[in-house]
**Student:** 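Would you mind keeping the following structure in view while I ask a few things?
Just so you know, ligand 1 is whichever comes first in the structure, and atom 1 is the first atom listed for that ligand.
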Amino acid sequence: MYVSFDDTDSRKAMCTTYLVSEFLRRGKYDLIGLPSLVRLNPNIPYKTRGNGAVRIRVGNGSGEKVFCGRIAGKPIYSYERSSGEEDPEKILEEMYRLVDKNYQRDENTNPGIVVSNFLFPEIMYENAVTCQVNLDETIKQLDKLGSKYRGIKNGRGLIGSSAAMSWRGRRITYEIIGYREGNKEIPEETKMECAMMADGYEGTFNSVDIRNRYPAIFPNPRTPVVYGIRGINMEKLVEASESVAAKLPFPIDSEIIFETNQGTDDHIEQYHGELYNLHTYMISGTVLSKPVPTQGSHYFSSINAGGKVVKIAAFEPTKEFRSIFRQLLPGDFITVYGSFLKGTINIEKMEIRNLVAEYMRLPPLCSICGERMANRGKFSYQCTQCGNRSSIPEYTEKKRSVMPGKYNVPVMARRHLSMPFGTQPVIKKNKNMDLVA
Ligand code: ATP
C-alpha cells in the first residue's frame, strides 16, 4: 500500500520527511522499496522551503531486503515486495493521526494524505513539478481514481501528495537524512568540516559551498533534520552519514535513505516560443545586450530566442556566477535554464555555446615610418615621428575573459531539482512503474 503526505511543516518547525521515521518507528509495517522524497514546482508561492512531498510503500516485507536506515539505533530495511494485503482505511487513519499530532499549527500549513494500492497517472506528477495545479481539480481526480484521502484545514497538501503518488522515479538520486534528538546546536566549524567530508564521498553532490562558507548538508536548525547528504550511490551515502554523525556533538536519533527527484531537472521544460509564469525553461538564444547591474547587484540582459526577446537575469544570490554572466557580449550564443518569474528568466545554470570575437581599437601604425601613431581625438591619429596623419584605426582581436562551457550557480543558490552540470542521476527501471493506474 502506498501512502503519500505533504504540507505538515511551517517555516519555524518540522519537516514532512520526518513523519516517515515516526510512522515506521512503531514497527507495525515494513518498508517496500525506498521512501520517496518528491520535489515539486520550486516556484509555487505556498511552499515552505523546498516544496517536497513524501511517499512510502508499506506492507509485510518479503523478498530481497536492503539496508535503508536506522530508527533509534535499530536498522530498517527496504523489502522487494509485500506479501500481505493492507487495509487502506486503517493506514489512512494511522497516518492521519500521526500527521494531526505533528503538523505545525501555522496559517500556511494545510496537510494532505493519500493512500492507494496503485500509482496515479504520471501526468499528475508532471503537472505538479512544472505548473501550478488547482486543488479542486486534484480532489476531482482523487475521487475519479477512487482513492482514499484526507485533507486537514484547506487540504492543499493533497496536491503534493497526489503528485508524489504519481511519481515513477525514472531518474533518481538519493538523499540520506539524519534526524535529531533534542535541540543542541552544532558549531559552525563542525558543520563546515562535516560538509567537506561528505563532499569527499564518491557520487555526492551539493554538500558544501566552500567559497561562500555554506555547509549545505545542514538545513534550518529548527527542523528535526540534522543533515541531508545527496548522492547517486547509496552505499557511499551510508558511509558519509556515519562519518558525519560521528563528528556531531550529539547522537543521531534516526537516519533514512530516500530516493528522490532532486538533481534530475524534471522541472525544466524545453522552450517552444511561449513562456508561462512560474514555469522553468531551458532556452537558447543570442545575447542582445551586455548584462547590466541594477541596485542590489542583480545582472540583467536579454536574448533573442527564435525571434522573440527574452529577459534573463543572474540575481545576487547566484554570487560568483554573476562574474561569468556579466562578461557576455551581444552576439554570444547561450543556453540558459531558469524559472520564468515576473517576466524574467532567473538563471539556474548556463551553457555558453559560442562567443563572438571582441575587438579592440588601436591607433594605426604610421605608413611612412612604421611607428604606432598617437590618438588626437575621435578617429584622428598622428605619427609623433613624422607628423603623418590618419583617420583609419587598427582593430585587433581581444582575448575574451570567459570561455565556452557549462556554468553552475554556486551550491548555496541551487534548486533542489536542478541537475548540476557534471552530475548524472541514476536511470532506473523502477519496479513500481508497472503498477500504473
Ligand atoms: P517541506 O518540504 O519542508 O515539507 P515545502 O516547502 O514542501 O515544505 P509545503 O509546506 O509542503 O512546502 O507547501 C507546499 C504546498 O504547495 C503544499 O500544500 C503542496 O500541496 C502545494 N503544491 C505543491 N506543488 C504544487 C503545484 N505545482 N501547484 C499548486 N500547489 C502545489
**Student:** Are any of the side-chain nitrogens in Arg26 or Glu94 under 4.0 Å away from the carboxylate oxygens of its partner?
**Tutor:** no

**Student:** Tell me whether the NZ or CZ atom of Arg105 lies within the 45° cone about the ring axis of Tyr103 and under 6.0 Å from its centre.
**Tutor:** yes

**Student:** Ligand 1 and Asp6, any nitrogen or oxygen pair closer than 3.5 angstrom?
**Tutor:** yes

**Student:** Using a 4.0 Å cut-off to any heavy atom of Val133, which atoms of ligand 1 qualify?
**Tutor:** 26 (C), 27 (N), 28 (N), 29 (C)

**Student:** Is the shortest N/O to N/O distance between Asp9 and ligand 1 below 3.5 Å?
**Tutor:** yes

**Student:** Would you say the rings of Tyr18 and Tyr179 are close, in the sense that their centroids are separated by under 6.0 Å?
**Tutor:** yes

**Student:** Any idea which of Asn41, Thr223, Asn154, Asn51 brings a heavy atom closest to atom 24 (N) of ligand 1?
**Tutor:** Asn51

**Student:** Is the shortest side-chain N to carboxylate O distance from Arg57 to Asp30 below 4.0 Å?
**Tutor:** no

**Student:** Quick one: which ligand 1 atoms are inside 4.0 Å of a heavy atom on Gly160?
**Tutor:** 19 (C), 20 (O)

**Student:** Tell me whether the guanidinium CZ or amine NZ of Arg353 lies under 6.0 angstrom from the six-membered ring centre of Phe333 and within 45° of its axis.
**Tutor:** no

**Student:** State whether Tyr125 and Arg168 meet the cation-pi test: NZ (Lys) or CZ (Arg) under 6.0 Å from the six-membered ring centroid, and within 45° of the perpendicular axis.
**Tutor:** no

**Student:** So for ligand 1, is Gly52 a polar contact partner (N or O within less than 3.5 Å, distance only)?
**Tutor:** yes

**Student:** Out of the candidates Lys349, Arg414, Arg171, only one should pair with Asp265 under the salt bridge (Lys or Arg N to Asp or Glu O under 4.0 Å) rule; please name it.
**Tutor:** Lys349

**Student:** Looking at Lys90 and Glu93, does any basic side-chain N land under 4.0 Å from a carboxylate oxygen?
**Tutor:** no

**Student:** Any nitrogen or oxygen of Ala128, main chain or side chain, under 3.5 Å from a nitrogen or oxygen of ligand 1?
**Tutor:** yes

**Student:** Find all atoms of ligand 1 within a distance of less than 4.0 Å from any non-hydrogen atom belonging to Gly157, and give their numbers and elements.
**Tutor:** 18 (O), 20 (O)

**Student:** Any idea which protein heavy atom is nearest atom 13 (O) of ligand 1, and the distance to it?
**Tutor:** Tyr46 O, 3.5 Å

**Student:** Applying a 4.0 Å heavy-atom criterion (strictly less than), which segment of Asp7 is in contact with ligand 1: side chain, backbone, both, or neither?
**Tutor:** both

**Student:** Tell me whether Cys131 has any N or O atom under 3.5 angstrom from an N or O of ligand 1.
**Tutor:** yes

**Student:** Any nitrogen or oxygen of Gln132, main chain or side chain, under 3.5 Å from a nitrogen or oxygen of ligand 1?
**Tutor:** no

**Student:** Are any of the N/O atoms on Leu40, whether in the backbone or the side chain, positioned under 3.5 angstrom from an N/O atom of ligand 1?
**Tutor:** no

**Student:** Tell me the contacting part of Ile44 for ligand 1: side chain, backbone, both, or neither, using a 4.0 Å heavy-atom threshold, strictly below.
**Tutor:** side chain

**Student:** Does Asn110 have a heavy atom less than 4.0 Å from any atom of ligand 1?
**Tutor:** no

**Student:** Are Phe315 and His298 close enough that their ring centers fall under 6.0 Å?
**Tutor:** yes

**Student:** What atoms in ligand 1 come closer than 4.0 Å to a heavy atom of Gly50?
**Tutor:** 6 (O)

**Student:** Just wondering, are more than 12 heavy atoms of other shown residues or ligands nearer than 6.0 Å to CD in Glu397?
**Tutor:** yes

**Student:** Which of the numbered atoms in ligand 1 are under 4.0 angstrom from any heavy atom belonging to Arg156?
**Tutor:** 18 (O), 19 (C), 20 (O)

**Student:** If you measure every N/O of Leu158 against every N/O of ligand 1, is any gap under 3.5 Å?
**Tutor:** no

**Student:** Taking all atoms of both residues into account, what is the closest heavy-atom pair of Ile176 and Ile257, and its distance?
**Tutor:** CD1-CG1, 3.8 Å

**Student:** Can any side-chain N or O of Asn154 pair as donor or acceptor with the backbone N or O of Asn110 at less than 3.5 Å?
**Tutor:** no

**Student:** Give the numbers and elements of all ligand 1 atoms closer than 4.0 Å to a heavy atom of Thr16.
**Tutor:** 4 (O)

**Student:** Looking at Asp199 and Lys236, is there a salt bridge between them, counting it only when a charged N and a carboxylate O are closer than 4.0 Å?
**Tutor:** no

**Student:** Quick one: look up the protein heavy atom nearest atom 30 (N) of ligand 1 and list residue, atom name and how far away it is.
**Tutor:** Ile159 CD1, 3.6 Å

**Student:** Does the N or O separation between Thr48 and ligand 1 drop below 3.5 Å for any pair?
**Tutor:** yes

